[in-house]
*Asks:* 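Dropping the structure in here first, questions after.
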Amino acid sequence: MASDTVYSAVRAYLEANWSATTIKWENETFDLPTPTDYPTAPAAFLVVEFVGDSYRQASIGSGSPTAERWIETGAGMIYSVVQASAGVLVARQNAAAVAELLRGLILPGTIRIEAMSFGDSGPGDEDGSWWQLPLRVNWLRG
């Protein structure tokens, strides 16, 4: 689990700077977009989840662990989702646009966006109505 500091900073940034699609946040009510008749622009949205990898001491020497530098690392999983059978182009474009938006970003709270990677695409839900392309966004705080 990412700390509230990271979650709040990344969420605020995405909400202020991403307008291409709606965003589904963890454990919140969300109305799925209405699918369109392909080949018109397919219905699309992002799903954002946060994971924390570690919270550890990064310096020594002050004599007190609480006075040392601590770092927190983790990742945001951002899924670019499109309606099934609509091809991959829009999902790829949205995932690449999010990556570009976050590239090299430093957020309040000493949060730095670091490496990003695209994962394996596949079904985006249990009934096959949606297709997703994941983007892992690694971050470091501290």
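In this chain, residues are counted from 1 in sequence order.
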*Asks:* If I take atom OG1 from residue Thr5 and atom CZ from residue Arg141, how far apart are they, to the nearest 0.5 angstrom?
*Replies:* 4.0 Å
*Asks:* Please determine which of Trp130, Trp131, Phe45 meets the side-chain contact (heavy atoms from CB on, under 4.5 Å) test together with Val82.
*Replies:* Trp131
*Asks:* Minimum heavy-atom separation for Pro33 to Ala44, with atom names?
*Replies:* CG-O, 3.9 Å
*Asks:* Looking at Val48 and Glu26, what are the two nearest heavy atoms and their distance?
*Replies:* O-CG, 3.5 Å
*Asks:* Distance check, rounded to the nearest 0.5 Å: Leu101 atom CG versus Ile113 atom CD1?
*Replies:* 10.0 Å
*Asks:* So Lys24 and Tyr79, do their side chains get closer than 4.5 Å, heavy atoms only?
*Replies:* no
*Asks:* Ignoring hydrogens, what is the shortest heavy-atom contact between Leu133 and Gly119? Give both atom names and the distance.
*Replies:* CD1-O, 3.7 Å
*Asks:* Please write out which residues are connected to Leu140 in a hydrophobic cluster, directly or through intermediates, given that two of Ile, Leu, Val, Met, Phe, Trp, Tyr count as joined at side-chain heavy-atom separations below 4.5 angstrom.
*Replies:* Ile71
*Asks:* Heavy atoms only: give me the nearest Ala84-Gly128 pair and the separation to one decimal.
*Replies:* CB-O, 3.1 Å
*Asks:* At what distance, to the nearest 0.5 angstrom, does CH2 of Trp18 lie from CG of Asn94?
*Replies:* 4.5 Å
*Asks:* Check for me, please, whether Leu105 and Phe50 land in the same ILVMFWY cluster - side-chain distances under 4.5 Å, paths through other members count.
*Replies:* yes
*Asks:* Supply the atom-to-atom distance Trp25 CH2 to Leu46 CG, rounded to the nearest 0.5 angstrom.
*Replies:* 8.5 Å
*Asks:* State yes or no: do Val81 and Val90 share one hydrophobic cluster built from I, L, V, M, F, W and Y residues joined by side-chain heavy-atom distances below 4.5 Å, directly or via other members?
*Replies:* no
*Asks:* With a sphere of 6.0 Å drawn around CG of Asp127, does it hold more than 12 non-hydrogen atoms of other residues, nucleotides or ligands?
*Replies:* yes
*Asks:* Output all residues satisfying salt bridge (Lys or Arg N to Asp or Glu O under 4.0 Å) with Arg112, sequence neighbours left out; order by chain, then residue number.
*Replies:* Glu114
*Asks:* Measuring from atom CD1 of Ile78 to atom CD1 of Ile23, what distance do you get when rounded to the nearest 0.5 angstrom?
*Replies:* 8.0 Å
*Asks:* Would you indicate whether Arg11, at its atom CZ, is surrounded by more than 12 heavy atoms from other residues, nucleotides or ligands within a distance under 6.0 Å?
*Replies:* yes
*Asks:* Enter the distance from Trp139:CH2 to Ser3:OG here, rounded to the nearest 0.5 Å.
*Replies:* 5.5 Å
*Asks:* If you take all heavy atoms of Pro42 and Thr36, which pair is closest and at what distance?
*Replies:* CA-OG1, 3.4 Å
*Asks:* I'd like to know if the side chain of Ser80 and the backbone of Ala91 have a donor-acceptor N/O pair within less than 3.5 Å.
*Replies:* yes
*Asks:* Which heavy atom in Met116 sits nearest to a heavy atom in Leu102, and how many Å separate them?
*Replies:* CE-C, 4.1 Å
